[in-house]
Amino acid sequence: MQDVRDCLDGLARVHSVLSSMVRRIPSGRVLERRGEKCWTILEHVGHLADVQPMLHQRIQRILNEDVPEFVPFLPAEGTYSPNAAGVDVETALARFDSGRRKQLEILRSMDPASWDRAAVHPEYTQYGLRILVRHILMHDYWHMYRIEELWLSKDEFLSF
């Protein structure tokens, strides 16, 4: 169960790390598109906020259904743009924080046996609550890495 505690601690800290980093970025940089197929910094933050309800629903389904089956969350290319509706960084950060708090409230109240509940996901050979929670944490940090890379890397060192 140490892995669970470590993941929950990590999930609880993401908003602080994310918001601290994003608030240091000059406002003009959050909308800068550094490559044709690259998201902006605001799009990464908006995406992190946008997926929180879907992740919450997945957690609920794993807890409430015998073996739920999921479909991949893959926005169609060229259709995802969270800042198209005028979302700003502070609004996206607040939505992220609210969604994460709801997830943590559920996850922290679960009995140990719930962590081994299984699910089916077509992308993975094995899936369940423990794996989902670890994926959430890795997903958060992957996007935070991209945000920092878009903010600080010189063009010749961007990894796209």
Trainee: Arg108: what forms a salt bridge (Lys or Arg N to Asp or Glu O under 4.0 Å) with it, not counting sequence neighbours?
Mentor: none
Trainee: I'd like a table of donor-acceptor pairs (distance under 3.5 Å, sequence neighbours excluded) in which one partner is a side-chain atom from residues 128-136, with atom names and distances.
Mentor:
from   : atom 1 : to     : atom 2 : distance (Å)
Arg130 : NH1    : Asp3   : OD1    : 2.8
Arg130 : NH1    : Asp3   : OD2    : 3.0
Arg130 : NH2    : Asp116 : OD1    : 3.1

Trainee: If every non-hydrogen atom of Leu158 is compared with every non-hydrogen atom of Ser153, which pair is closest and at what distance?
Mentor: CD2-CB, 3.7 Å
Trainee: Under the ring pair (Phe, Tyr, Trp, His ring centres under 6.0 Å) rule, collect the residues that match up with His15, sequence neighbours excluded.
Mentor: none
Trainee: Which atom names give the shortest non-hydrogen contact between Gly10 and Leu137, and what distance separates them?
Mentor: C-CD1, 3.6 Å
Trainee: Does Gln126 have more than 12 heavy atoms from other residues, nucleotides or ligands lying within 6.0 Å of its CD?
Mentor: no
Trainee: Enumerate the residue pairs fulfilling salt bridge (Lys or Arg N to Asp or Glu O under 4.0 Å) with a member in residues 90-99, sequence neighbours excluded, ordered by first and then second residue.
Mentor: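 Those involving residues 90-99 are Arg23-Glu90, Asp50-Arg95, Asp97-Arg101.
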Trainee: Can you name the side-chain contact (heavy atoms from CB on, under 4.5 Å) partners of Val67, sequence neighbours left out?
Mentor: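 Scan of Val67 (side-chain contact (heavy atoms from CB on, under 4.5 Å), adjacent residues dropped) gives Val120.
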Trainee: Between Ile25 and Val89, is any pair of side-chain heavy atoms under 4.5 Å apart?
Mentor: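 No. Closest side-chain heavy atoms not under 4.5 Å.
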Trainee: Quick one: OG on Ser16 to CE on Met21, what's the gap to the nearest 0.5 Å?
Mentor: 11.0 Å
Trainee: Applying side-chain hydrogen bond (donor to acceptor under 3.5 Å, both in side chains), can you list everything that pairs with Arg100, at least two apart in sequence or on another chain?
Mentor: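 Only Gln52, Gln103, Asp140 meet the side-chain hydrogen bond (donor to acceptor under 3.5 Å, both in side chains) criterion with Arg100.
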Trainee: Do Leu93 and Val45 have side-chain heavy atoms sitting under 4.5 Å apart?
Mentor: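 In contact.
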Trainee: Enter the distance from Thr91:OG1 to Phe96:CZ here, rounded to the nearest 0.5 Å.
Mentor: 15.0 Å
Trainee: Should Leu150 and Tyr145 be regarded as members of a common hydrophobic cluster, given that ILVMFWY residues are connected when their side-chain heavy atoms come within less than 4.5 Å of each other, either directly or indirectly?
Mentor: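 Unlinked, Leu150 and Tyr145 end up in two clusters.
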Trainee: What are the two closest heavy atoms between Ala92 and Ala49, and how far apart are they?
Mentor: O-CB, 3.3 Å
Trainee: Restricting to non-hydrogen atoms, name the atom on Ile106 and the atom on Ile59 that form the minimum distance, rounded to 0.1 Å.
Mentor: CG2-CG2, 4.0 Å
Trainee: How would you list, by chain and number, every residue that makes a salt bridge (Lys or Arg N to Asp or Glu O under 4.0 Å) with Glu32, sequence neighbours excluded?
Mentor: Arg29
Trainee: Among residues at least two apart in sequence or on other chains, which ones pass salt bridge (Lys or Arg N to Asp or Glu O under 4.0 Å) with Glu65?
Mentor: Arg61
Trainee: Measure the shortest side-chain to side-chain distance between His44 and Trp142 over non-hydrogen atoms and say whether it is less than 4.5 angstrom.
Mentor: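 Of all side-chain heavy-atom pairs linking Trp142 with His44, at least one is under 4.5 Å.
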Trainee: In terms of hydrophobic clustering (I, L, V, M, F, W, Y; side-chain heavy atoms under 4.5 Å; direct or indirect links), are Leu152 and Ile41 co-clustered?
Mentor: yes
Trainee: My understanding is that only one of Arg146, Arg34, Arg33 makes a salt bridge (charged side-chain N to carboxylate O under 4.0 Å, His left out) with Glu43; could you say which?
Mentor: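 Testing each of Arg146, Arg34, Arg33 against Glu43, the sole residue satisfying salt bridge (charged side-chain N to carboxylate O under 4.0 Å, His left out) is Arg33.
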Trainee: Among all residues two or more places apart in sequence or in another chain, which pass the ring pair (Phe, Tyr, Trp, His ring centres under 6.0 Å) test with His139?
Mentor: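 Once residues adjacent in sequence are excluded, the partners of His139 under the ring pair (Phe, Tyr, Trp, His ring centres under 6.0 Å) criterion are His47, His143.
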Trainee: Does the side chain of Trp151 come within less than 4.5 Å of Val30's, by heavy atoms?
Mentor: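 Heavy-atom side-chain distance check fails, nothing below 4.5 Å.
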Trainee: Does Ser98 have any side-chain contact (heavy atoms from CB on, under 4.5 Å) partners at least two apart in sequence or in another chain, and if so, which?
Mentor: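 Counting only residues at least two positions away or on another chain, Ser98 forms a side-chain contact (heavy atoms from CB on, under 4.5 Å) with Lys102.
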Trainee: Side-chain contact test, heavy atoms from C-beta onward, threshold under 4.5 Å: evaluate it for Leu18 versus Ile147 and give yes or no.
Mentor: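 Of all side-chain heavy-atom pairs linking Ile147 with Leu18, at least one is under 4.5 Å.
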Trainee: Heavy atoms only: give me the nearest Pro72-Pro122 pair and the separation to one decimal.
Mentor: CD-CG, 3.6 Å
Trainee: Which residues pass the side-chain contact (heavy atoms from CB on, under 4.5 Å) test with Arg13, sequence neighbours left out?
Mentor: Asp9
Trainee: Does Met54 have any side-chain contact (heavy atoms from CB on, under 4.5 Å) partners at least two apart in sequence or in another chain, and if so, which?
Mentor: Val51, Arg58, Phe73
Trainee: Got a sec: does the OH of Tyr141 have more than 12 other heavy atoms crowding it under 6.0 Å?
Mentor: yes
Trainee: Under a 4.5 Å side-chain heavy-atom rule over Ile, Leu, Val, Met, Phe, Trp and Tyr, are Tyr124 and Met138 clustered together?
Mentor: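 Looking at the clustering, Met138 is in a separate group from Tyr124.
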Trainee: Please report the interatomic distance CE(Met110) to CG(Leu8), rounded to the nearest 0.5 Å.
Mentor: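 Between Met110 CE and Leu8 CG, I get 7.5 Å after rounding to 0.5 Å.
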